[in-house]
Number of protein chains: 2
Amino acid sequence: MESPVSERVEDYLKVIYSLTTEDERASTGEIARVLQISPASVTDMIQRLAAENPPLVDYRKHQGVGLTEEGEKVALETLRHHRLLELFLHELLGYSWDQVHEEADRLEHVISEYFEERISEVLGDPEKGLYGEPIPSEELHVPVREDICLHDMRPGQRGVIQSVKDDDPGLLQYLQTNGLVPGARIEVLDYSPYDNNLHIRVKEHDQEIVLGAAVTAQIFVDLQ
Amino acid sequence: MESPVSERVEDYLKVIYSLTTEDERASTGEIARVLQISPASVTDMIQRLAAENPPLVDYRKHQGVGLTEEGEKVALETLRHHRLLELFLHELLGYSWDQVHEEADRLEHVISEYFEERISEVLGDPEKGLYGEPIPSEELHVPVREDICLHDMRPGQRGVIQSVKDDDPGLLQYLQTNGLVPGARIEVLDYSPYDNNLHIRVKEHDQEIVLGAAVTAQIFVDLQ
DNA sequence: TCCTTATTTTAGGCTTTCCTAAATTATTGT
DNA sequence: ACAATAATTTAGGAAAGCCTAAAATAAGGA
Ligand SMILES: [Mn+2]
Ligand SMILES: [Mn+2]
Ligand SMILES: [Mn+2]
Ligand SMILES: [Mn+2]
């Protein structure tokens with residue numbers, strides 16, 4: 001009864017997975033924005049995913065979607081591929097930090113389980129990705145994260161950057177040149193309530209910098 | 001005016017390329033057999049390829065197809081990806097001789113030019129593939145081959161195996177276990193005209209073996 | 001509460017790639 | 001040369017993913 005899942009379906013499920021780690025359910029509009037397609041197309045696809053058997057998403061009209069266990073499995077499998085590939089491209093083929101994401105986003109759907117197994121072994125069965133995010137295990141377990149978003153930190157708080165989002169190559173460039181990489185120790189110095197700017201110090205770079213919400217929302221920190 | 005080419009179109013063009021190195025033009029039926037789809041579907045696709053601009057194939061009803069310069073370019077680009085990938089999977093990821101083809105057949109459509117460049121460099125810019133076939137250069141030049149098919153050899157002739165076809169994993173297994181690999185020196189001892197069997201000796205294995213047409217058609221030899 | 005606005009869904013349509021069945025064209029043996 | 005057979009093409013249709021425009025629904029402010 002398990003119909004094979006198309007590349008496009010894997011992309012939808014990955015996006016829904018990522019959106020539902022932030023909110024309880026993902027809305028049609030958010031999914032459309034991330035995938036850069038029309039909301040009508042998203043409704044269309046979501047309804048098909050809910051009609052599969054077993055269903056891959058839990059859908060109620062005008063109430064957004066969540067993943068079923070089956071759908072989450074597919075999302076995590078794809079995410080594991082993605083993160084192993086990013087590491088692989090960087091470590092073994094010399095890709096730069098901001099080059100890996102786009103290539104991994106295509107390859108993730110196409111590599112076999114054997115390919116996954118081979119690169120995982122060559123990389124030493126890593127548990128964290130290029131940007132510090134956890135890599136789902138072979139059995140698709142994801143460790144619980146206790147890091148918080150830099151966006152939610154306030155003056156006086158310190159911490160160590162655990163991970164950054166991998167979506168935007170330009171931003172990754174920016175983060176790297178400013179030392180905002182996993183392992184960096186930071187301290188929040190000031191907060192502007194109107195624009196949500198954070199003034200922070202990066203220990204390693206011995207440098208102070210003011211970051212807008214577009215940046216701070218992409219960085220995750222272990223406190224203290 | 002250059003529309004991007006779909007994965008499926010790349011597969012069609014690759015098949016037509018391969019068929020037209022044997023015969024002048026490729027027939028609808030042959031293409032259908034190789035791609036394992038109906039002849040009607042092939043006619044359909046071929047007509048679309050001929051209607052592209054620039055056209056990717058040269059088509060005349062009931063007379064088969066050939067590649068245009070444009071179509072050949074796409075085929076060679078894909079073939080270069082395929083052969084570099086096969087080598088890469090074998091040399092760097094430990095794939096066996098008969099495992100690489102299927103994976104390469106999927107990845108070939110998805111890797112970027114940068115990926116191609118990186119693996120080519122890691123492999124030392126090879127000019128021959130895993131099975132001895134020439135790899136089209138970065139500029140898509142293919143050296144002229146002067147090897148002949150073992151199928152066309154007759155008793156008394158000797159030669160060195162240059163390459164074998166990569167299509168059938170089972171056959172590759174068989175060839176490898178019998179020492180029928182690039183570099184092997186062989187001599188034709190006998191020929192049965194009715195079944196086209198060839199009785200040959202493999203120097204390296206110090207062994208005699210009788211091969212049917214299904215096998216001899218897959219092996220290419222430099223004479224003397 | 002009720003009306004305006006934003007979001008979502010439905011309806012209808014397009015492209016790509018495949019299918020089967022029927023029609024057409026080419027080939028071949030006599 | 002021509003009839004039988006084989007190969008190819010046409011016709012009609014399906015599924016997956018996308019679109020725009022219009023309709024329906026939900027949410028929020030007055
Ligand atoms: Mn993807
Ligand atoms: Mn996997
Ligand atoms: Mn292929
Ligand atoms: Mn290329």
Side-chain angles (χ1 to χ4, degrees), chain A residues 1-16 19-20 22-53 55-66 71 74 78 105-106 108-110, chain B residues 1-16 19-20 22-53 55-66 71 74 78 105-106 108-110:
Chain A
M1 298 299 115
E2 297 218 354
S3 55
V5 157
S6 77
E7 299 191 9
R8 206 46 182 147
V9 166
E10 289 180 351
D11 274 336
Y12 273 89
L13 295 174
K14 230 182 47 170
V15 169
I16 296 168
L19 290 171
T20 51
E22 288 159 28
D23 299 275
E24 195 58 36
R25 297 174 76 78
S27 75
T28 304
E30 287 172 319
I31 299 169
R33 188 181 41 73
V34 176
L35 290 176
Q36 311 230 66
I37 58 179
S38 76
S41 301
V42 173
T43 301
D44 193 76
M45 173 64 97
I46 277 173
Q47 291 178 343
R48 291 206 313 269
L49 297 180
E52 290 273 298
N53 71 66
L56 297 170
V57 299
D58 160 31
Y59 169 64
R60 270 159 297 158
K61 273 185 193 165
H62 293 99
Q63 313 251 117
V65 277
V74 175
T78 310
D105 235 352
R106 279 177 285 106
E108 65 190 1
H109 311 289
V110 165
Chain B
M1 296 297 117
E2 295 219 355
S3 55
V5 156
S6 77
E7 300 192 6
R8 209 43 185 150
V9 167
E10 290 180 350
D11 274 336
Y12 273 90
L13 296 173
K14 228 182 48 170
V15 168
I16 296 168
L19 290 172
T20 51
E22 287 160 29
D23 298 275
E24 196 58 34
R25 298 174 75 78
S27 74
T28 304
E30 285 172 322
I31 299 168
R33 188 181 41 74
V34 176
L35 290 176
Q36 311 232 63
I37 58 179
S38 75
S41 300
V42 172
T43 301
D44 194 74
M45 173 64 97
I46 278 173
Q47 290 178 345
R48 292 208 314 271
L49 296 180
E52 292 272 298
N53 71 66
L56 297 169
V57 299
D58 159 31
Y59 169 63
R60 272 161 293 159
K61 274 185 193 164
H62 293 99
Q63 314 249 117
V65 278
V74 175
T78 310
D105 234 352
R106 277 177 285 108
E108 64 190 1
H109 311 289
V110 165

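In what follows, every chain begins at residue 1, and chains take the letters A, B, ... in the order their sequences are listed.
Checking B:D44 against A:D44, the closest nucleotide of DNA chain D that is more toward the 5' end is the one next to B:D44.
Atom CD1 in A:I37 sits roughly 13 Å away from atom P in C:dT9 (whole-Å rounding). Computed from coordinates, the A:R25 CZ to C:dT8 P distance equals 12 Å when rounded to whole Å. If you measure from atom CD of B:Q63 to atom P of C:dA26, you get 8 Å, rounded to the nearest angstrom. Between the CG atom of B:L49 and the P atom of C:dT17 there is a distance of 9 Å, given to the nearest Å. Distance CE (B:M45) to P (C:dT17): 4 Å, rounded to an integer number of Å. The distance between atom CD of B:E10 and atom C1' of C:dT16, rounded to the nearest whole Å, is 15 Å. Between the CZ atom of B:R48 and the C1' atom of C:dT17 there is a distance of 6 Å, rounded to whole Å. Separating the NE2 atom of B:H62 from the C1' atom of C:dT24 is a distance of 6 Å, rounded to the nearest angstrom.
For the pair A:K61 and C:dT10, the criterion of a side-chain N or O lying under 4.0 Å from OP1 or OP2 is met. Considering only side-chain N and O atoms, A:T28 lies nowhere under 4.0 angstrom from the phosphate OP1 or OP2 of C:dT7. Regarding contacts with the backbone of C:dT8, a side-chain N or O of A:S27 is found under 4.0 angstrom from either OP1 or OP2. Residue B:R8 places no side-chain N or O under 4.0 Å from the OP1 or OP2 atom of C:dT16. For the OP1/OP2 pair of C:dC18 and a distance below 4.0 Å, the side-chain nitrogens and oxygens of B:Y12 include at least one atom meeting the criterion.
At a threshold of 4.5 Å between non-hydrogen side-chain atoms, the residues B:I31 and B:M45 do not count as touching.
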Chi angles and distances behind the side chain to side chain contact (heavy atoms under 4.5 Å, CB included) call for B:T43, B:K61: CA-CA 9 Å; B:T43 301; B:K61 274 185 193 164; over 6 Å; no
Verify side chain to side chain contact (heavy atoms under 4.5 Å, CB included) between A:E52 and A:V57, making sure each step is shown before the conclusion. CA-CA 9 Å; A:E52 290 273 298; A:V57 299; over 6 Å; no
Run the side chain to side chain contact (heavy atoms under 4.5 Å, CB included) test on B:V9 and B:R48 for me, step by step, so that the C-alpha distance in whole Å, both residues' side-chain angles and the decisive distance to 0.1 Å come before the verdict. CA-CA 10 Å; B:V9 167; B:R48 292 208 314 271; 6.0 Å; no
Please report the C-alpha distance between A:R25 and A:D58 in whole Å, then the side-chain angles of each, then the deciding distance to 0.1 Å, and finally whether the side chain to side chain contact (heavy atoms under 4.5 Å, CB included) criterion is met. CA-CA 9 Å; A:R25 297 174 76 78; A:D58 160 31; 3.0 Å; yes
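Exactly one of B:L56, B:I37, B:V34 qualifies for a side-chain contact (heavy atoms from CB on, under 4.5 Å) with B:Y12. That residue is B:I37.
To the nearest 0.5 Å, atoms OG1 (A:T28) and CD1 (A:I46) are separated by 4.5 Å.
First and last contacts of DNA chain D with chain A, using any nucleotide atom under 4.0 Å from a protein heavy atom and ordered 5' to 3', fall at D:dA16 to D:dA26.
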